[in-house]
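Only this structure's heavy atoms are used, side chains among them; waters, hydrogens and symmetry mates stay out.
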Amino acid sequence: MTESARITGCGFIDPTGWGDHLVQNTWPAGATVCPDRLAWRLFSESPFDRFGRLDMVSQYAVVAAEMSLRSRTDTSDDEETAIVLTTAGSLAADLEFLASMGAPGGASPTAFSYTLPSTAIAEVAIRYHMKGPSLCLPKPPHLPEIGLREGLRLVCRQEARRCLCLVADAIPTCAMPLLPADHRGGLADHYAYAFLIEGGSPPRTAVSTGIADMRVEARQQVIRAETSPHRAGGVASQLCRFLRGADSHGQRGIESFEVSSTREVLIITKAADTIS
Amino acid sequence: MDPLIEQLARHIIQVLRLENVVPDAIDPVAPLFGAGLGLDSIDALELIVMLEKEYQIQITDIEVGRKAFASLNALAAFIRERQRCAKTQ
Amino acid sequence: MARGYNIWAVDAITALGEGVEETWRRMLNMECGIRPLRRFAQGRYQTDVAAEIAPDIEEAVRAGAFVGSSRAYALALRTARRTLRQADPRPGRTGLVLATTKAGVDELEQRAGGAGGEGRCHYLPSVLASDLATELHLDGPVSAVSNACASGSIAVMEAARTLDSAQCDHVLVVGVDIVSDFVLAGFSCLKALSPLPCRPFDKSRNGLSLGEGAGAILLTKDRGPQALAVVRGWAATNDATHITAPSRTGSGLTAALVHALNLSGFAPGDIDYINAHGTGTVFNDEMEARAIHSTFGSDVPVSSMKGYLGHTLGAAGVIEMSLCVMALRDRIIPASLGLQDLGISSHIRVAVRHQQASRMDHIVSIKCGFGGMNAVVILGGVGHD
């Protein structure tokens, strides 16, 4: 079975700022470190009264989702889903809950509700009415997978028509000593990237041509999965830059981007400027 | 504003991390749950923890909680009643 | 969708014993694994009971893993080894999918509490999975699924998808979760625990009972005599309504049940038993009954296994599926322990006694989780194509 799909949305929030495949906003006053609590009004005019209740990683995931979805024109809830890959998952909320266990009045129900790494994807599903098969896949940071392969499988199997593929982490300083040594350091401790992919059938509307096309190919020979000292965000941030039209060196003209794993490579190419 | 009502409003805003809400903006007679502030079942449980921490009042029966949290006024009255009972024991 | 994925081997370690056969035997004996807390303080939480691993098995489990390892790792390793021994030799590559909600949370409690030092970090599911795969010399892709209490079922789906993409020849699905102060405190502050052993679907039900354990299922594409059962299809949905509470209407679970049947080519009348999620909370059981009735009417027998084993969280999907393999083999519909009087508004047929089934070809397994997760897997007996 040929597995292919289109990327129709891209959103991000990381130390460089936030935005989508067209626009990048930088942090106020040129700050280079992501804050550990976000203010929704910085990202969107649509109301989100309870954004403050979300734990850090859920906030990051929802912001990236918001960025990736804001330019879409049609909605469909029961065929749409979201998946997230995360390294530290709910570790920050776990520590907050542990601290609350000994506090006067007792443990915090709110904190406990976020002590599952899947709560971040639940928040995305609730806000954007995504009723398809959600997935939360904890993963080590040094592997290049960023959720696209898993999302591609879902849409190609027709378990969902669209899939928002996220990779997200929000790791406070106090949690760092609790990560394995090879998980510490790297590009960023607070980030989220979201890529909206759509199944290979023709687009429903004339305008949803997509930003890029994606297909998977088997590698001719088995090679070791490419590892990087950077966090998972590294590959995702490079893909975002590619989709914005610049490679990591800021040069244009590169037409394809590869995400490699042991036996396969995901090949992403810019969409031609045609309308179906 | 009644000092207890204002204090409760501040606690609710802080504990439930309500954004863009100031104490004055919470109508003391309006329902806290359902419409309005949009509080849900997790918020109700969090307020039970707050009551114990800040006022040393325990709620073990969820129905008692439902009545106490009907509004800010109801909550203030509930607290005053419990504190009064505690003093007379 | 492909024709099916063979279950080559299964294992489980639960409060009722070590091994699927032992657990199943004691279930048929109507034994309840939910007992007074042994490793945790009484009077501290909303309940004083849970389904903990028995002391003699605990000792054997610990002996098999390195000193100081998380109980979750030790349990997962033991059940994985027991499963792989049943499927040896095994040509080709074997991958791993781990299903868990809190993994080695006991290690996190110790380290966050100031024990300090370096540890294995098995509270991170990906690290636990990676270490398991290394210890077991598994050479296929390794991943972890953490989808709340639906993790086990969703891990089976991920394993099947991995087999389809020809990444490896077999996938070992391991589900594990442990009882801990963290989880006892958490469900207590949500007021979700029953003070006494849970009573799924009963009118007096008032919460769930926590359980712990590990289960493993070896999934393979090979057709052949060694299959114990076959995964015939599945579907998963999200209610998209609340981060902990299930949808009151059950529409998300209904959609998952209908999709699973449609995508697999089955009609509701083809299903012989429904292994419910059935946690014993007022809302889950009511919602689930509604969804079952919407899809199947009142004809298909239903039961929950949580009255025997407690709620094993991320491991439930794997442990209970391994017991469904026993149900298929013996053609027995297990009783729903704890049920005396039905207390749900939808009319479904919950078994109060074990029943010998005249037909036992297909089982539907339902697992739901925080965050609106609904997971449905359809299992078939062997020889039924």
field: Aromatic C:Tyr123 / basic C:Arg111 pairing, under 6.0 angstrom, 45° off normal
entry: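 Here C:Arg111 fails the 6.0 Å and 45° test against C:Tyr123.
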- prompt: If you draw the axis of the six-membered ring of A:Phe48, does the NZ or CZ of A:Arg127 fall within 45° of it and under 6.0 Å from the ring centre?
  reply: yes
- prompt: Checking A:Leu95 against chain C: side chain, backbone, both or neither under 4.5 Å from a heavy atom?
  reply: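 Only the side chain of A:Leu95 comes within 4.5 Å of chain C.
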message: Tell me whether the count of non-hydrogen atoms from other residues, nucleotides or ligands lying under 6.0 Å of CZ in C:Phe66 goes above 12.
response: yes
- request: Using a cut-off of 6.0 Å, state whether more than 12 heavy atoms not belonging to C:Arg248 lie near its atom CZ.
  value: no
Picking from [options], which has the most non-hydrogen pairs under 4.5 angstrom with chain C?
{"options": "A:Ala122, A:Ala82, A:Pro180", "result": "A:Pro180"}
{"options": "A:Pro133, A:Cys136, A:Cys174", "result": "A:Cys136"}
{"options": "A:Leu178, A:Leu116, A:Leu91, A:Thr115", "result": "A:Leu178"}
{"options": "A:Thr119, A:Thr86, A:Leu135, A:Ile121", "result": "A:Leu135"}

Proximal component of [X], with respect to chain A [non-hydrogen, under 4.5 Å]:
{"X": "C:Val127", "answer": "side chain"}
{"X": "C:Asn374", "answer": "neither"}
{"X": "C:Ile243", "answer": "both"}
{"X": "C:Ile154", "answer": "side chain"}
{"X": "C:Ala255", "answer": "neither"}
{"X": "C:Lys191", "answer": "neither"}
{"X": "C:Asn147", "answer": "both"}

message: Less than 4.5 Å apart, side chain to side chain, heavy atoms only: is that true for A:Glu123 and A:Gln59?
response: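 A side-chain contact under 4.5 Å is absent here.
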[X] side chain to [Y] backbone, donor-acceptor under 3.5 Å:
{"X": "A:Arg162", "Y": "A:Glu80", "answer": "no"}
{"X": "C:Asp177", "Y": "C:Gly314", "answer": "yes"}
{"X": "C:Ser247", "Y": "C:Thr241", "answer": "no"}

message: Could you measure the distance from the CG atom of C:Asp239 to the CE atom of C:Met373? Nearest 0.5 Å is fine.
response: 10.0 Å
message: Using the rule given for salt bridge (charged side-chain N to carboxylate O under 4.0 Å, His left out), can you reason through C:Asp164 versus C:Lys221, listing the C-alpha separation, both sets of side-chain angles and the distance that settles it, and then say yes or no?
response: CA-CA 8 Å; C:Asp164 269 350; C:Lys221 275 302 263 303; 3.2 Å; yes
- request: Apply salt bridge (charged side-chain N to carboxylate O under 4.0 Å, His left out) to the pair A:Glu145 and A:Lys139, showing each step before the final yes or no.
  value: CA-CA 9 Å; A:Glu145 287 92 346; A:Lys139 68 174 283 292; 5.1 Å; no
message: If the contact rule is any heavy atom under 4.5 Å from chain C, which residues of residues 99-109 of chain A qualify, in numerical order?
response: A:Met101, A:Ala107, A:Ser108, A:Pro109
field: ring-ring contact (aromatic ring centres under 6.0 Å, His included) partners for C:Phe187, two or more places apart
entry: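 Partners of C:Phe187 under the ring-ring contact (aromatic ring centres under 6.0 Å, His included) test: A:Phe112, C:Phe370.
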What option among [options] has the most heavy-atom pairs under 4.5 Å with chain A?
{"options": "C:Ala236, C:Ala240, C:Gly369", "answer": "C:Ala240"}
{"options": "C:Val97, C:Val142, C:Thr244, C:Leu108", "answer": "C:Leu108"}
{"options": "C:Pro125, C:Ser126, C:Pro141", "answer": "C:Ser126"}
{"options": "C:Ser146, C:Gly371, C:Cys121", "answer": "C:Ser146"}
{"options": "C:Leu98, C:Leu124, C:Val183", "answer": "C:Leu124"}

Least distance between heavy atoms, C:Leu128 atom then C:Gly104 atom: CD1-N, 4.1 Å
message: Before you tell me yes or no, could you show the steps for C:Arg161 and C:Glu158 under salt bridge (charged side-chain N to carboxylate O under 4.0 Å, His left out), namely the whole-Å CA-CA distance, both residues' side-chain angles and the distance that decides it to 0.1 Å?
response: CA-CA 5 Å; C:Arg161 294 179 191 125; C:Glu158 268 300 282; 2.7 Å; yes
